[in-house]
Amino acid sequence: MLNETKTTASQDVGRWILGTFMTGAGTGHLTFERAPFQAQVPDWVPMDKDTVVLLSGVVEIGLGLSLILSTRHKVPMGLGLAAFYALIFPGNLHQYAKRISAFGLDTDTKRFLRLFFQPVLMGWALWSTGAWKALRQRS
């Protein structure tokens, strides 16, 4: 059932945009944006911050390319991306709590408002892949 969910043309475009965004963000993790991403890794994470940034970049590129290229596994990709966004949310909290300026988030207000964008990304991932519909059909 998960792989049988059909998506509309607007969902497909939304999925491709999100996949492109994720691929670009992942590339930034591996190259020119490593320092700002390292600043978002909470101090309690028991790994080297650069390693976390590199690994998450690889995951983001993989998820991004999967969203763009895989039409058969859209729903699992949407669920996986939504879960990924939930897992990296503590980094956004860390940036806000520690008042870390990165990615143009140079005020407390901007950093606070960024916290509300994470659920939007999660919803976008679920909607654009048909995962939202598949989850509703299962219940």
Side-chain angles (χ1 to χ4, degrees):
M1 173 161 98
L2 288 178
N3 292 334
E4 297 171 10
T5 302
K6 302 288 184 206
T7 52
T8 65
S10 61
Q11 286 174 298
D12 292 340
V13 169
R15 190 178 74 252
W16 297 328
I17 290 169
L18 188 56
T20 301
F21 167 76
M22 291 301 296
T23 303
T27 301
H29 277 69
L30 303 180
T31 58
F32 57 93
E33 293 286 355
R34 279 171 68 178
F37 281 115
Q38 289 171 14
Q40 287 189 310
V41 178
D43 297 330
W44 51 262
V45 173
M47 291 177 68
D48 174 66
K49 290 184 180 208
D50 193 46
T51 301
V52 172
V53 169
L54 292 172
L55 291 173
S56 62
V58 170
V59 170
E60 287 188 10
I61 291 170
L63 286 169
L65 290 175
S66 294
L67 287 172
I68 295 167
L69 301 173
S70 177
T71 57
R72 185 172 180 185
H73 303 288
K74 293 181 287 195
V75 171
M77 289 294 102
L79 294 170
L81 183 55
F84 179 78
Y85 286 140
L87 289 171
I88 63 171
F89 186 68
N92 298 334
L93 290 171
H94 174 75
Q95 183 178 9
Y96 173 71
K98 298 287 185 169
R99 303 175 114 177
I100 298 169
S101 294
F103 308 111
L105 304 174
D106 53 4
T107 67
D108 287 343
T109 301
K110 289 178 184 178
R111 288 185 286 268
F112 180 72
L113 292 174
R114 167 65 177 92
L115 298 176
F116 294 96
F117 190 61
Q118 205 74 6
V120 172
L121 288 172
M122 293 171 77
W124 187 356
L126 295 173
W127 169 78
S128 69
T129 60
W132 202 283
K133 181 179 177 181
L135 290 172
R136 282 192 318 228
Q137 288 175 344
R138 287 185 77 188
S139 58

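Hydrogens, waters and symmetry mates are skipped; everything else that's a heavy atom, side chains included, is used. Starting from 1, each residue takes its place in the sequence as its number. It should be emphasised that the depicted structure is a prediction, and the values quoted were computed from it without experimental measurement.
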Would you kindly confirm whether [X] and [Y] end up in one hydrophobic cluster when ILVMFWY residues are joined by side chain heavy atoms under 4.5 Å apart?
| X | Y | answer |
| --- | --- | --- |
| Leu55 | Ile61 | no |
| Leu115 | Ile88 | no |
| Leu81 | Leu87 | no |

Side chains of residues 116-124: which donor-acceptor partners sit under 3.5 Å, not counting sequence neighbours?
from: Gln118; atom 1: OE1; to: Asn92; atom 2: ND2; distance (Å): 2.8
from: Gln118; atom 1: OE1; to: Arg114; atom 2: NH1; distance (Å): 2.8
from: Gln118; atom 1: OE1; to: Arg114; atom 2: NH2; distance (Å): 3.1
from: Gln118; atom 1: NE2; to: Tyr85; atom 2: O; distance (Å): 2.9
from: Trp124; atom 1: NE1; to: Gly14; atom 2: O; distance (Å): 3.0

To the nearest 0.5 Å, what is the distance between [atom1] ([X]) and [atom2] ([Y])?
| X | Y | atom1 | atom2 | result |
| --- | --- | --- | --- | --- |
| Gln137 | Leu135 | CD | CG | 9.5 Å |
| Leu126 | Gln11 | CG | CD | 11.0 Å |
| Trp16 | Leu67 | CH2 | CG | 12.0 Å |
| Trp127 | Trp132 | CH2 | CH2 | 12.0 Å |
| Arg99 | Leu105 | CZ | CG | 14.0 Å |
| Phe21 | Leu18 | CZ | CG | 7.5 Å |

Nearest atoms (heavy-atom pairs only) where [X] meets [Y]:
| X | Y | answer |
| --- | --- | --- |
| Thr23 | Ile68 | OG1-CD1, 4.2 Å |
| Pro36 | Phe103 | CB-CZ, 3.4 Å |
| Val75 | Thr129 | CG2-O, 3.6 Å |
| Ala82 | Ala125 | N-CB, 4.2 Å |
| Ser128 | Thr7 | O-CG2, 3.9 Å |
| Pro90 | Ala86 | CD-O, 3.7 Å |

Taking side chain to side chain donor-acceptor pair (under 3.5 Å) as the test, write out the residues that go with [X], two or more places apart.
| X | result |
| --- | --- |
| Glu33 | none |
| Thr27 | none |
| Asp48 | Thr51 |

Counterpart residues, side-chain contact (heavy atoms from CB on, under 4.5 Å), relative to [X] (two or more places apart):
| X | value |
| --- | --- |
| Val45 | Val41, Pro42, Met47, Val52 |
| Gln38 | Arg34, Lys49, Asp50, Val53 |
| Ser56 | His29, Phe84 |
| Leu113 | Thr109 |

(request) Determine, step by step, whether Lys133 and Arg136 satisfy the side chain to side chain contact (heavy atoms under 4.5 Å, CB included) criterion, reporting the C-alpha distance in whole Å, the side-chain angles of both residues, the deciding distance to 0.1 Å, and the verdict. (result) CA-CA 5 Å; Lys133 181 179 177 181; Arg136 282 192 318 228; 4.1 Å; yes
(request) With sequence neighbours left out, write down each residue that passes salt bridge (charged side-chain N to carboxylate O under 4.0 Å, His left out) with Lys110, or none if nothing qualifies. (result)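 Checked Lys110 against salt bridge (charged side-chain N to carboxylate O under 4.0 Å, His left out); matches are Asp106.
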(request) Scan residues 8-26 for pairs that pass salt bridge (charged side-chain N to carboxylate O under 4.0 Å, His left out), counting only residues two or more places apart or in two chains. (result)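 Sorted pair list: Asp12-Arg15.
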(message) Filter on salt bridge (charged side-chain N to carboxylate O under 4.0 Å, His left out), then keep only pairs touching residues 79-93, sequence neighbours left out; what's left?
(response)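 Sorted result for residues 79-93: empty, none.
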(request) Please write out which residues are connected to Ile100 in a hydrophobic cluster, directly or through intermediates, given that two of Ile, Leu, Val, Met, Phe, Trp, Tyr count as joined at side-chain heavy-atom separations below 4.5 angstrom. (result)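 Members alongside Ile100: none; it stands by itself.
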